[in-house]
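What follows is a short report on a single structure.
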Amino acid sequence: MVVAEAMACGLPVIAGRTIGVAEWIKDGRNGLLCEAGDQTSIRNALSRMACDKSAVASMGMAARETALQHAWDACASSTLAVYEEALRHVMPK
């Protein structure tokens, strides 16, 4: 939730490549991916954000767009569609 909330606020995030939310992150476009637990990788990502404020602003706008695509209503609609499809196979007309 923290990553989704940050992105919804227009903040680019730094996330580990192997965590679930990493699928939302397009490295360098709406945030940065790093190797979780690797201090050098995390430091490099932080340095990139600290040194390039225009890139951070651009990534922030893209992060917000990404978060809006994953808003609760969109997730609920997608989940409902999966359930309806499953029911069609179990209970054909």
Side-chain angles (χ1 to χ4, degrees):
M1 290 299 298
V2 172
V3 171
E5 290 172 0
M7 293 176 79
C9 290
L11 298 172
V13 297
I14 298 172
R17 292 182 193 284
T18 58
I19 65 170
V21 76
E23 66 187 37
W24 288 16
I25 309 299
K26 306 297 181 236
D27 194 39
R29 185 171 177 280
N30 61 0
L32 298 175
L33 293 172
C34 66
E35 302 305 324
D38 180 343
Q39 294 177 8
T40 301
S41 180
I42 296 166
R43 186 180 319 115
N44 289 341
L46 287 167
S47 292
R48 270 181 75 185
M49 285 206 185
C51 294
D52 193 346
K53 299 298 182 190
S54 65
V56 168
S58 177
M59 285 190 285
M61 288 187 290
R64 177 154 173 75
E65 290 300 318
T66 300
L68 291 174
Q69 294 170 8
H70 297 282
W72 285 113
D73 57 339
C75 290
S77 293
S78 295
T79 301
L80 180 61
V82 169
Y83 290 157
E84 289 172 339
E85 181 64 23
L87 284 174
R88 276 194 284 281
H89 293 288
V90 175
M91 300 172 56
K93 291 184 179 184

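Any value given below was found using the heavy atoms of this structure, including those in side chains, with hydrogens, waters and symmetry copies removed.
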Q.
Pair Asp38, Ile42 - check side-chain contact (heavy atoms from CB on, under 4.5 Å), show working.
A. CA-CA 6 Å; Asp38 180 343; Ile42 296 166; 5.7 Å; no
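- Applying the salt bridge (Lys or Arg N to Asp or Glu O under 4.0 Å) test to pairs two or more places apart or on separate chains, none has a residue in residues 51-69.
- Under a hydrophobic-cluster definition in which Ile, Leu, Val, Met, Phe, Trp and Tyr are linked whenever side-chain heavy atoms come within less than 4.5 Å, directly or via other members, Ile14 and Val21 are assigned to different clusters.
- When atom types are taken as modelled, the side chain of Ser58 and the backbone of Ser54 share no donor-acceptor pair closer than 3.5 angstrom.
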Q | Step-by-step side-chain contact (heavy atoms from CB on, under 4.5 Å) determination, Glu84 to Leu87 | A | CA-CA 5 Å; Glu84 289 172 339; Leu87 284 174; 5.6 Å; no
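- Taking each heavy atom of Ala4 and Ala67 in turn, the nearest pair found is O-CB, 4.0 Å.
- For the residue pair Gly28 and Arg48, the shortest heavy atom distance occurs at CA-NH2, 3.9 Å.
- Applying the side chain to side chain donor-acceptor pair (under 3.5 Å) test to every pair with at least one member in residues 3-17, sequence neighbours left out, gives these pairs: Arg17-Glu35.
- Hydrophobic clustering (side-chain heavy atoms under 4.5 Å, transitive across Ile, Leu, Val, Met, Phe, Trp, Tyr) keeps Met61 apart from Leu68.
- Rounding to the nearest 0.5 Å gives a distance of 11.5 Å between OG of Ser47 and CE of Met49.
- Taking all atoms of both residues into account, the shortest heavy-atom contact from Ala22 to Gly16 is CB-O, 3.4 Å.
- Val3 and Leu32 fall into different hydrophobic clusters, defined by Ile, Leu, Val, Met, Phe, Trp and Tyr side-chain heavy atoms under 4.5 Å apart, directly or through other members.
- Cys75 SG to Leu80 CG: the interatomic distance, rounded to the nearest 0.5 Å, is 12.5 Å.
- Hydrophobic cluster membership is shared by Val13 and Trp24, with clusters built from Ile, Leu, Val, Met, Phe, Trp and Tyr side chains linked at under 4.5 angstrom.
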Q: Give the intermediate values and the outcome of side-chain contact (heavy atoms from CB on, under 4.5 Å) for residues Ile25 and Asn30.
A: CA-CA 6 Å; Ile25 309 299; Asn30 61 0; 3.8 Å; yes
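- The salt bridge (charged side-chain N to carboxylate O under 4.0 Å, His left out) check on Glu85 picks up Arg88, with sequence neighbours excluded.
- In terms of heavy-atom proximity, Gln69 sits nearest to Ala74 at O-CB, 3.6 Å.
- Taken to the nearest 0.5 Å, the NZ atom of Lys26 stands 15.0 Å off from the CE atom of Met59.
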